[in-house]
Amino acid sequence: MEKVEVKTTEKRPLEVVARLLEAAYRRALEYGRLVGRVSRYSKVEVSEESLIEVEVEPEVYYGEGSESIHRVGEYLVAVEPKTGRLVLLRIVAIERRDELAVIGLEPPLSGYELKPEPSGLLTTTKIKARALTEMDPEGGEPVPATIGLEPQSPVVDPKPEILERLLGLKSEKGPVLGSLATPSGLVKGGSITVRLPYRALLQHVLIVGTTGSGKTTLLKNMVASMYSEWANNTPLVIAIDMNQDFVQLPLRPSRRPSDVVARVAYANVEPPSALVVVTPVPSRVIEVAYETLGAGRATPLEIASYIARLYYEDSLEPLVGSSLRGLTCTIRSGRSVMCSIQAPWGPLVFVPYTVNTLTLDSDKVSSLMPGLTEPARALLERIRRGFRRRTGSQLYPPLQAVLGALHAYGEGVDSDNRVGVFEATREVVVPRVISRGISDESLMRSVKLEAFNRTLEDLIVECLEVIELASPHRETFRALYRRVQALLDTEIVDVALTIGEPIGRIIFPQEPQWEDIIGEAERLRAPVVLDLKWPMDKGLGGLEGPRMAAYRMLQALIEWKHWQWSRRVLGRSVVVLIDEAHQFFPQERGAREEQEASRQIASMISRIARLGRARGVGLVFSTHSPRDLHDIIIQLANTKIILRTEPQHIEKLDVPNEVKSVLPRLPDRLMAVVSHVYRGGYIFAQTTTPLTAHYDITYQLFGQE
C-alpha cells in the first residue's frame, strides 16, 4: 500500500491533504471499480445509528456494470485517506431527484404529449449507507467500523475477494448456505460463497421459515456440503426426522440443479455415500416378527434381521425401486444390534432402538416423563432404590413391575396375598410382555426374567412392599401410575421378550450405545438419521413415543460426550438437526400439567445445550412456527437463519428492523442469516434447489426441483 508521510511541521496542509486524497483514489482502483465519493455536502458521522452519504455521478449511475448501486442491501467500500483502511458500507437508501424540475428550470411540457425531459435526470445520485466493518488491506481481520471517514473519500464497488474479507466469509470452514445475496438477488453474480462456520453450529442455530420456503432443502444441502468436504474437524450429523426427509440423503435428485448457486457455491457437493438409520421399534412390530418367525424359537438377531428387512421394504424400496440384496445383523460391544444392508447407493446400517431403564438412574427415567410432579418423582426414586436394596441387585426393576405394583397398591391388595397380587396385576402387566403360547399364569409365576432370575410376580411383590412402606398420598401414586403407564404405552421402553421353549425366559433388549453408532457412522462417513416416522406409520399413535425417543437420544448422546470429555478423549464433534422442533419443545400452554411438562422439557434442553456447547454437541432447530416453540430455544440459538416468514411469527425473533421488513416477501430459498460470526451482524444468502433427493407433493404437481 502506498504510504504518504505527514510531518507535524508541514507549512502547507492543503498539499498534504491533496496528496492523501490522490493516493487514496489511486489505491481505490486496486480494490474495485470507482463509483463515487463520500459526500462533500452533508455531515460525515460514523456511529451505530448514523448513515454515510455517497455521491454517484450520472455517467457512473447509468454506465455499464452499475447494478451494485441500484439496489438497497448491496455493498460498497470506502477508502479512508489518512490511514488507507477499507470501510465496508451497506446501502440502505438510494435518492434520485430531477434537479431541473426542483429548481424550476425545466422547459414547459406539452399537456397533450407529456414528453419526458431526460436532461433533468443527469444529476448526482445520493446513496445512504451504513458503515459496517473496517480493515487494513495489507492484513488483519475486519473489525467494527469506528474510524472517521473524510468527505470526498473514494468509494468503490469492491472486488469479490475484498468483500469476502470485509464480511469475514473466508476465515473458517463450515457447511455451505449458498451464495451471498440481497433481498432482491445475488451479489456479484453469485460468485461469493457463504458458509456457516463449524463453531457457530456448536453454539446452536435456529432455522425459521414458512412451509415451502426451503428449510428442509437448506438443511439437506448443508449436510451434503459437510460430507463432501469431510475432514478431521467436520462434525458428524444426526438428524431427528419426523417425515423421512433425511432418509433420502444418499439419493441423487432427479436432475442436478444448474443455476449459478449450484455451479459456484456447491460446485463439488454430492450426496453422502452411506447412511446410518436409527429407529424406535414398537413392540407391536416385534409381535409381528414373533408370529412370522415362530414364538420362542427366534433369536434376537433373527428378530432384528426381520425388522431391518421390513423397514427397507416399507421406507426405502419405494424410493430406490429395487429389493433388498445383502443383509447381516451383528451385536456390537455386547449391546448394540446393527444390521448392515447393501443399498443401491452403498452401505446402509440399520439400528433398531429400544430404551432399557434397568440401568438408568431415576432422574433420567423421570426426564422421559415430562410433567411428573416432584412427589411422584420422589416416589419413583424410593421404589427403585428400595427394590435394589431388598433384592441385592445392581439393576432397577423393569417398569412393568413398577406399574403392576402401583396398580396392586391402588386396588388395596395385601402384599402377603400372592394370589391377590397376581389377579390384580395380571391384566395390566401381561399385555406388556411379548409372548406366544405361554399362559398368563405361567408368564407371571413361572417364566423368569433373565437379568434377575426371578419371576415378574416376584418383582411386583418387592416393589409393592416398598410402596406400602412409603404409604404415599393417593394423588401421588395415581400421578406416577398415569405417567409410567403412558411411558410403557410408547411401546419402546423396557420391551420384554420371551425367548426359548417350552416355558422360556424373559429378556430386555439393551439400548444401543451411541459410542457404537457414532463409531460406525464415522467409519462410513455417514450421517445418522433418527427416523421417527416409521414407528408412527406402523400404528404407534400420538407424539409421545417420538418425543420420548428424541429426549432419550439427546440425553444418551450428551452422556457419552461427557464420558469422552472426562477421560480427555478428543472425539469428533456432533451436530444434531431437529426438524419440526416445535413438536418436541412446545410453548408453555394448556393445563397446569402440560405447562409443567413444558417447563421440565425446557430445563432439560437448556442443560443439554449448555453442556453440549462445552462437550462438542451443537443443536440446529428448524420450525415453521416460532410462536409454538418454547422461548428457551430462541434464547439458546446464537445464530438465526430466517427464510420467508409470516409477519405474526417475526416478532418472536430478535432481528434488526431492516431485516424484519423484508422477511414476509422473500422468495423461496433466500434467507437472512443473523449471527455474530458475520462482521456486519447479518447477511442474506441464496441456496439452490435440492442437491439430494427430496420428494415433495409440490414437485410432483408442478415439476419443480
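Scope of the values below: all heavy atoms of this structure, side chains included, with no hydrogens, waters or symmetry mates. Since the structure is predicted, the reported quantities are computational estimates derived from the model, not experimental observations.
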Original post:
What's the verdict on side chain to side chain donor-acceptor pair (under 3.5 Å) for S435 and T498, showing C-alpha distance, side-chain angles and the deciding distance?
Top reply: CA-CA 5 Å; S435 62; T498 55; 4.7 Å; no

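- A donor-acceptor distance shorter than 3.5 angstrom exists from the side chain of K215 to the backbone of G209, with no hydrogens or angles considered.
- The side chain to side chain donor-acceptor pair (under 3.5 Å) search around K660 returns none, not counting sequence neighbours.
- Taking the centre and axis of the six-membered ring of W565, the NZ or CZ atom of R568 falls inside the cone set by 45° and 6.0 Å.
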Subject >> Audit row: Q513, E515, side chain to side chain donor-acceptor pair (under 3.5 Å) steps and yes/no >> reply: CA-CA 5 Å; Q513 299 298 290; E515 180 180 7; over 6 Å; no

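- Salt-bridge check for E559 with R615: failed, with every basic side-chain N at 4.0 Å or more from each acidic carboxylate O.
- Taking the centre of each ring, H624 and H582 come in below the 6.0 Å mark.
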Subject >> Stepwise side-chain contact (heavy atoms from CB on, under 4.5 Å) check, V237 with F246 >> reply: CA-CA 11 Å; V237 172; F246 295 92; over 6 Å; no

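- Between the side chain of T210 and the main chain of S213, no donor-acceptor pair closer than 3.5 Å is present.
- Under a cut-off of 6.0 angstrom, the local environment of CD in E423 is crowded, with over 12 non-hydrogen atoms contributed by other residues, nucleotides or ligands.
- For H676, the NE2 atom is densely surrounded, since the number of other residues' heavy atoms within 6.0 Å is greater than 12.
- Of the charged side-chain nitrogens involved, none lies within less than 4.0 Å of a carboxylate oxygen, so that E287 and R284 do not count as a salt-bridged pair.
- Looking at D245 and L219, their side chains never come closer than 4.5 Å, going by heavy atoms from C-beta outward.
- More than 12 heavy atoms of other residues, nucleotides or ligands shown are found within 6.0 angstrom of CZ on R567.
- Checked for salt-bridge contact, R384 and D361 miss the test: no charged N lies under 4.0 Å from a carboxylate O.
- In terms of modelled atom types and a separation under 3.5 Å, the side chain of H407 and the main chain of V428 share no donor-acceptor contact.
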